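In this chain, residues are counted from 1 in sequence order. Note: hydrogens, waters and symmetry copies are ignored here, and every other heavy atom, side chains too, is used. Please read all numbers here as calculations on a predicted model, not as lab measurements.
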Amino acid sequence: MMESLLLLAIAAYSVSIAATLIRALLGPTLGDRVLAIDAATYMTAVLFTLFSIYFREPKLATAAVSLALWVYLLDVYVAKYLEKGDLGA
């Protein structure tokens, strides 16, 4: 039962990531594209976590946490660039 629910969640997140990446390619503005890439990356982190549970491999959960932290850091830099046009100190 648990395995089938995990597989269903993995499939649903995979479809969601694909749809979000299509949105990133077709987004009319830069903000839409950045938001779509952020969402896809956070969904990928959740997908890593689901794979970690399914395969009983805790290293994937560590990768998911580090991926989420990197995406957050990149969000800060993109927001700074979009606001000021410069990434300087």
Side-chain angles (χ1 to χ4, degrees):
M1 177 70 175
M2 183 71 164
E3 285 187 14
S4 61
L5 287 176
L6 279 172
L7 290 175
L8 180 66
I10 288 170
Y13 269 100
S14 299
V15 170
S16 297
I17 291 169
T20 307
L21 290 177
I22 290 171
R23 183 63 184 161
L25 292 173
L26 301 176
T29 65
L30 181 63
D32 290 336
R33 291 178 180 175
V34 168
L35 184 63
I37 290 171
D38 284 344
T41 309
Y42 284 122
M43 284 189 276
T44 303
V46 172
L47 192 63
F48 278 5
T49 305
L50 290 173
F51 278 134
S52 174
I53 295 168
Y54 183 74
F55 291 121
R56 292 177 175 83
E57 183 63 45
K59 291 178 185 174
L60 288 173
T62 305
V65 170
S66 62
L67 177 65
L69 290 173
W70 274 105
V71 172
Y72 178 73
L73 181 67
L74 288 174
D75 285 345
V76 170
Y77 280 116
V78 168
K80 185 176 179 181
Y81 177 75
L82 291 176
E83 184 177 302
K84 296 183 180 180
D86 186 26
L87 289 178

- Query: Among the clusters formed by ILVMFWY side chains lying less than 4.5 Å apart, do Val71 and Val76 turn up in the same one?
  - Reply: yes

- Message: Other members of the hydrophobic cluster containing Leu69, with the 4.5 Å side-chain heavy-atom rule, please.
- Response: Val65

- Does Met1 sit in a hydrophobic cluster with other residues, and if so which ones, taking ILVMFWY side chains as linked at heavy-atom separations under 4.5 Å, directly or through other members? Leu5

Under 3.5 Å, sequence neighbours excluded: what are the donor-acceptor pairs made by side chains of residues 40-58?
| from | atom 1 | to | atom 2 | distance (Å) |
| --- | --- | --- | --- | --- |
| Thr41 | OG1 | Ile37 | O | 2.7 |
| Thr44 | OG1 | Ala40 | O | 2.7 |
| Thr49 | OG1 | Ala45 | O | 3.0 |
| Ser52 | OG | Glu57 | O | 2.7 |

- What pairs with Val78 under side chain to side chain contact (heavy atoms under 4.5 Å, CB included), at least two apart in sequence or on another chain? Val34, Leu82

- Task: Any side chain to side chain donor-acceptor pair (under 3.5 Å) involving residues 58-67? Give me the pairs, sequence neighbours left out, ordered by first then second residue.
- Result: none

Distance-only donor-acceptor hits, side chain of residues 15-29, under 3.5 Å, sequence neighbours excluded:
| from | atom 1 | to | atom 2 | distance (Å) |
| --- | --- | --- | --- | --- |
| Ser16 | OG | Ala12 | O | 3.0 |
| Thr20 | OG1 | Ser16 | O | 2.7 |
| Thr29 | OG1 | Asp32 | N | 3.2 |
| Thr29 | OG1 | Asp32 | OD2 | 3.1 |

